[in-house]
Engineer: 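Dropping the structure in here first, questions after.
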Amino acid sequence: MVTILGIETSCDETGIAIVEDGCKILSEKLKSSVDLQAEYGGVVPELASRVHVENINVLIKKALDEAKLRIEDVDAIAVANGPGLNGALLVGTMVAKTIALVEKKKIVSVNHLEGHIFSSFLPKGKNEENIKYQISNIKHKADKKMSYFPMMVLIVSGGHTEIVLMEDYGIYKTIGSTVDDAAGEAFDKAAKILGLPYPGGPSIARSAMQISNLKSQISNKSQNVNVKLPRPMMNSGDYNFSFSGLKTALLYEVQKVKSKKLKVKNANKKLINHKISNSENILNNQLVSMSAWEFQEAVVEVLVAKTKKAMQDMGVYRLAVVGGVAANQRLREKIYEEIDGEIMIPEFKYCTDNGVKIAVAGYYKYMSKEFVRWQDLEVRSNWEL
Ligand code: KG4
Ligand code: ZN
């Protein structure tokens, strides 16, 4: 039995978890500074670091208490020491070093993105069979070859958008990535344009869901808003993405529709005041929702098409979709609709940053004896897979 304490502090989530044998979650604690960050419309690195400092020791103590363990009972500390925000990563890294030094514990260093990949191996719910399958899978793999790989991985988070061919545990080939903004970052920026709160992914998804509702409120069909956005790099022939032009296209599209609406408003001047503002409100909400919907469609369509192409071109049957944007319901639907093969997408709560995925990835590294001396552990904010 191997018990790993996972530490995640790469961005705005302090995640701590204690996981046994790479799959049995004994405890998990998460504290996010997202509400504080929302006031600034995005992540303020210093604020993220400060919140990690305030929370990390408390969360470790709570996690140990809940697992009914003492720190002495833990076999190793798995820490995400990159990539991410320098100051934020430093908090988790220093805590891991300190525990290792004082308690004489082993450290395994986990790439944050590798952590996301391992979140796809997490058992769904409390399904015992699945848990056993995952354990035997990881254990066998540490001993001898199994035909589990190659596997394609779509990593879609706030900082990364990559298609990775996973040839084995620990062996990754990045075959495509974004040339500018990451998918999550694009959602966050688009939400700002539409006046929706941070983080943008969930608020765009919520707004997009309201479309059919709003459409039924508009009696005059000619007033329905139509927003059309491009599908960037859809036919580029490679597996790369570009999302920064999409948000500019969104901005222009919104401005165009707004100026059209102004004309409608002038034509309606004879209506009594409250009627105008009521219909305007509905139109405004409709514009935001239509834009949110179309933006989400554009991002999702490109992500799915490129991933499908990568799988077909390379004859890969298994796919994992991981990272914060993997929580997007529309992306999940479209992946299942369009892609043939075995698809692994983590539960919603394990898509975004957490300590569990770091502990699970750490388990594999522990089994392969990939230990790092505390003196050698460093923050690697630009660490590539
Ligand atoms: O993986 P993650 O927690 O942090 C990074 O490693 O970056 O991903 C955070 C990103 C944010 O950009 C957020 O807007 C996006 O994931 N996100 C979503 C959804 N939930 C979170 N994007 C689209 N739809 C969602 N439901
Ligand atoms: Zn992440």
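Below, each value reflects all heavy atoms present in this structure, side chains not excepted, and no hydrogens, waters or symmetry copies. Each ligand, and each atom within it, is numbered from 1 in the order the structure gives.
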Engineer: Quick one: nearest non-hydrogen protein atom to atom 7 (O) of ligand 1, plus distance?
Structural biologist: G158 N, 2.8 Å
Engineer: Looking at K309 and D238, does any basic side-chain N land under 4.0 Å from a carboxylate oxygen?
Structural biologist: no
Engineer: Quick check on contacts: which atoms of ligand 1 are under 4.0 angstrom from a heavy atom of G159?
Structural biologist: 7 (O)
Engineer: May I ask you to establish whether K357 and F118 are in a cation-pi arrangement, using a distance under 6.0 Å from NZ or CZ to the six-membered ring centre and at most 45° from the ring axis?
Structural biologist: no
Engineer: Ignoring hydrogens and geometry beyond distance, is a side-chain donor-acceptor pair present between D180 and S242 at under 3.5 Å?
Structural biologist: yes
Engineer: Under 2.8 Å from the Zn ion (ligand 2), can any N, O or S atom of C11 be found?
Structural biologist: no
Engineer: In ligand 1, which numbered atoms sit nearer than 4.0 Å to a non-hydrogen atom of H116?
Structural biologist: 1 (O), 6 (O)
Engineer: Do any nitrogen or oxygen atoms of F187 come within less than 3.5 Å of a nitrogen or oxygen of ligand 1?
Structural biologist: no
Engineer: Among all protein heavy atoms, pick the one closest to atom 24 (N) of ligand 1 and tell me residue, atom and distance.
Structural biologist: N328 ND2, 3.0 Å
Engineer: Using a 4.0 Å cutoff against the non-hydrogen atoms of T352, which atoms of ligand 1 qualify?
Structural biologist: 3 (O)
Engineer: Looking just at side-chain N and O atoms, do S109 and N81 make a donor-acceptor pair shorter than 3.5 Å?
Structural biologist: yes
Engineer: Examine ligand 1 and decide if any of its atoms is less than 4.0 Å from a heavy atom belonging to H112.
Structural biologist: yes
Engineer: Take F149 and Y169, measure what ring pair (Phe, Tyr, Trp, His ring centres under 6.0 Å) needs, and give me the verdict at the end.
Structural biologist: CA-CA 9 Å; F149 296 106; Y169 285 103; 5.0 Å; yes
Engineer: Quick one: does S207's side chain have a donor or acceptor within less than 3.5 Å of a partner on S203's backbone?
Structural biologist: no
Engineer: Taking only Lys NZ, Arg NE, NH1 and NH2, and the carboxylate oxygens of Asp or Glu, determine whether K105 and E72 approach each other closer than 4.0 Å.
Structural biologist: no
Engineer: Give yes if a backbone or side-chain nitrogen or oxygen of D353 is under 3.5 Å from a nitrogen or oxygen of ligand 1, and no if not.
Structural biologist: yes
Engineer: If only side-chain N and O atoms count, and only distance matters, is there a donor-acceptor pair under 3.5 Å linking H52 with T9?
Structural biologist: no
Engineer: Taking the N/O/S atoms of D353 one by one, which is nearest to the Zn ion (ligand 2)?
Structural biologist: OD1
Engineer: Identify the protein heavy atom lying closest to atom 18 (C) of ligand 1, giving its residue, its atom name and the separation to 0.1 Å.
Structural biologist: G201 CA, 3.5 Å
Engineer: Using 2.8 Å as a strict upper limit, say whether an N, O or S atom of H116 approaches the Zn ion (ligand 2) that closely.
Structural biologist: yes
Engineer: Looking only at protein heavy atoms, identify the closest one to atom 13 (C) of ligand 1 and say how far it is in Å.
Structural biologist: D188 OD1, 3.9 Å
Engineer: What atoms in ligand 1 come closer than 4.0 Å to a heavy atom of A327?
Structural biologist: 26 (N)
Engineer: When you check the side-chain N and O atoms of S244 and D181, is any donor under 3.5 Å from an acceptor?
Structural biologist: no
Engineer: To which protein heavy atom is atom 17 (N) of ligand 1 closest, and what is the distance rounded to 0.1 Å?
Structural biologist: G324 O, 3.6 Å
Engineer: With the threshold set at 4.0 Å, does a side-chain nitrogen-carboxylate oxygen contact exist between R231 and E297?
Structural biologist: no
